[in-house]
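Reading through the structure tokens given below for one structure.
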Amino acid sequence: MSEQEPTPADLAAREAEEHARKAAEQAEQAQLPYKWTQTIRDVEVTIPVPGHLRGRDLDVVLTKTKIKVAVRGQEAVIEGTFPHPIIVDESSWTLETTAHPPGKEVAVHLDKVNKVEWWPHVVTGAPKIDVTKITPESSSLSDLDGETRAMVEKMMYDQRQKEIGGMTSDEQKKMDILKKFQAEHPEMDFSNAQIG
């Protein structure tokens, strides 16, 4: 049984469904008393607070698995358990002045332990986002450490070679070893050799 191509009506319905899902997700996130963004490595949370507050007026707690941000003597603006652990020593918070509107915000930086997974929410009681729809930010090769960069460059080279029908770096290496061996042993006949 062959799979049929989706009709334009099917595609339009899927697009409308996706648009409605995204709008509902954005509306849920807009209701939160804080804003948050993430990269694959970290999470940034900003919480608006009255402009007259100072750092000592705040009750901020960051542990490996929990967060709490509150104005002393008031109910927490955000409190709960992270979906995944953070590196406490690499995470921080600051009280910053904002220009629009004039006031202040608590800026919380959370460094993820696992640098290869997206968070569906900051705390487990909050509405989730669909992490399967996240488009990762493009990172340049210069952001990577030497070993990872070499591996990614090799994968990119091999992919380009496959696309043009050429040899991958591993196949090229085998061919170079064989040519060197042939040059060192001209007395051997390689005319019927199968390479693979």
Side-chain angles (χ1 to χ4, degrees), residues 14-51 53-55 57-72 74-153 155-156 159:
R14 274 191 217 157
E15 198 170 302
E17 193 176 289
E18 177 62 18
H19 187 72
R21 184 203 59 77
K22 207 172 213 169
E25 185 178 279
Q26 286 174 339
E28 274 185 337
Q29 294 298 312
Q31 295 301 309
L32 296 171
Y34 55 86
K35 298 220 177 311
W36 69 287
T37 58
Q38 69 179 315
T39 68
I40 200 72
R41 294 177 290 283
D42 51 32
V43 175
E44 303 292 334
V45 184
T46 53
I47 303 147
V49 294
L53 293 179
R54 294 204 157 118
D57 300 323
L58 300 171
D59 180 13
V60 180
V61 180
L62 294 176
T63 71
K64 185 174 181 155
T65 58
K66 291 184 183 327
I67 184 173
K68 176 184 178 187
V69 178
V71 175
R72 287 200 191 283
Q74 296 181 18
E75 196 174 309
V77 179
I78 181 172
E79 183 173 19
T81 304
F82 298 128
H84 305 288
I86 64 164
I87 303 170
V88 177
D89 291 345
E90 299 295 322
S91 300
S92 61
W93 69 273
T94 56
L95 181 60
E96 299 174 355
T97 303
T98 59
H100 302 292
K104 291 187 178 175
E105 68 183 15
V106 178
V108 183
H109 170 81
L110 305 171
D111 204 58
K112 297 177 181 177
V113 167
N114 187 342
K115 309 264 188 241
V116 295
E117 70 190 336
W118 297 105
W119 286 18
H121 39 205
V122 180
V123 289
T124 54
K128 291 183 176 187
I129 61 166
D130 185 350
V131 295
T132 63
K133 305 293 185 199
I134 294 176
T135 309
E137 73 280 2
S138 60
S139 60
S140 68
L141 286 173
S142 59
D143 294 344
L144 304 172
D145 64 74
E147 192 177 319
T148 307
R149 179 177 178 167
M151 184 179 71
V152 170
E153 285 176 338
M155 288 165 56
M156 289 167 62
Q159 184 64 36

Mind checking the [atom1]-[atom2] spacing from [X] to [Y]? Nearest 0.5 Å is all I need.
{"X": "His109", "Y": "Ile86", "atom1": "NE2", "atom2": "CD1", "result": "9.0 Å"}
{"X": "His84", "Y": "Thr124", "atom1": "NE2", "atom2": "OG1", "result": "10.5 Å"}
{"X": "Thr81", "Y": "His121", "atom1": "OG1", "atom2": "NE2", "result": "9.5 Å"}
{"X": "Ile67", "Y": "Trp93", "atom1": "CD1", "atom2": "CH2", "result": "11.5 Å"}
{"X": "Gln31", "Y": "Gln26", "atom1": "CD", "atom2": "CD", "result": "12.5 Å"}
{"X": "Asp130", "Y": "Glu25", "atom1": "CG", "atom2": "CD", "result": "6.0 Å"}

**Asked** Does any non-hydrogen side-chain atom of Lys22 lie less than 4.5 Å from one of His19?
**Response** no
For the pair [X] (side chain) and [Y] (backbone), establish whether a donor and an acceptor sit closer than 3.5 Å, ignoring hydrogens and angles.
{"X": "Thr94", "Y": "Glu96", "value": "no"}
{"X": "Thr98", "Y": "Gly103", "value": "yes"}
{"X": "Thr65", "Y": "Phe82", "value": "no"}
{"X": "Glu105", "Y": "Tyr34", "value": "no"}

*asked:* Assess the residue pair Asp57 and Val49 against the criterion (side-chain contact (heavy atoms from CB on, under 4.5 Å)); give the C-alpha distance rounded to whole Å, side-chain angles, the decisive distance to 0.1 Å, and a yes or no.
replied: CA-CA 10 Å; Asp57 300 323; Val49 294; over 6 Å; no
Considering all heavy atoms, the nearest [X]-[Y] contact:
{"X": "Ala76", "Y": "Ala70", "answer": "CA-CB, 3.5 Å"}
{"X": "Lys112", "Y": "Trp118", "answer": "NZ-CA, 4.0 Å"}
{"X": "Leu53", "Y": "Leu95", "answer": "O-CD2, 3.6 Å"}
{"X": "Glu117", "Y": "Ile40", "answer": "N-CD1, 3.8 Å"}
{"X": "Pro33", "Y": "Ile47", "answer": "O-CG2, 4.2 Å"}
{"X": "Ala126", "Y": "Leu32", "answer": "CB-CD2, 4.3 Å"}

Practice problem: Apply side-chain contact (heavy atoms from CB on, under 4.5 Å) to Gln29 and Ile129, showing your working. | Solution: CA-CA 8 Å; Gln29 294 298 312; Ile129 61 166; 3.5 Å; yes
CA sep, side-chain torsions, deciding dist, call: Val123, Glu79, side-chain contact (heavy atoms from CB on, under 4.5 Å):
CA-CA 7 Å; Val123 289; Glu79 183 173 19; over 6 Å; no
- In plain terms, say whether Glu17 and Arg14 are close enough for a salt bridge, that is, a side-chain N and a carboxylate O under 4.0 Å apart. no
| request: Report the C-alpha distance between Arg72 and Asp59 in whole Å, list the side-chain angles of each, state the deciding distance to 0.1 Å, and finish with yes or no for side-chain contact (heavy atoms from CB on, under 4.5 Å). | output: CA-CA 6 Å; Arg72 287 200 191 283; Asp59 180 13; 4.0 Å; yes
Exactly one candidate in Asp42, Thr39, Ile87 meets side chain to side chain contact (heavy atoms under 4.5 Å, CB included) with Lys115; the answer is Ile87
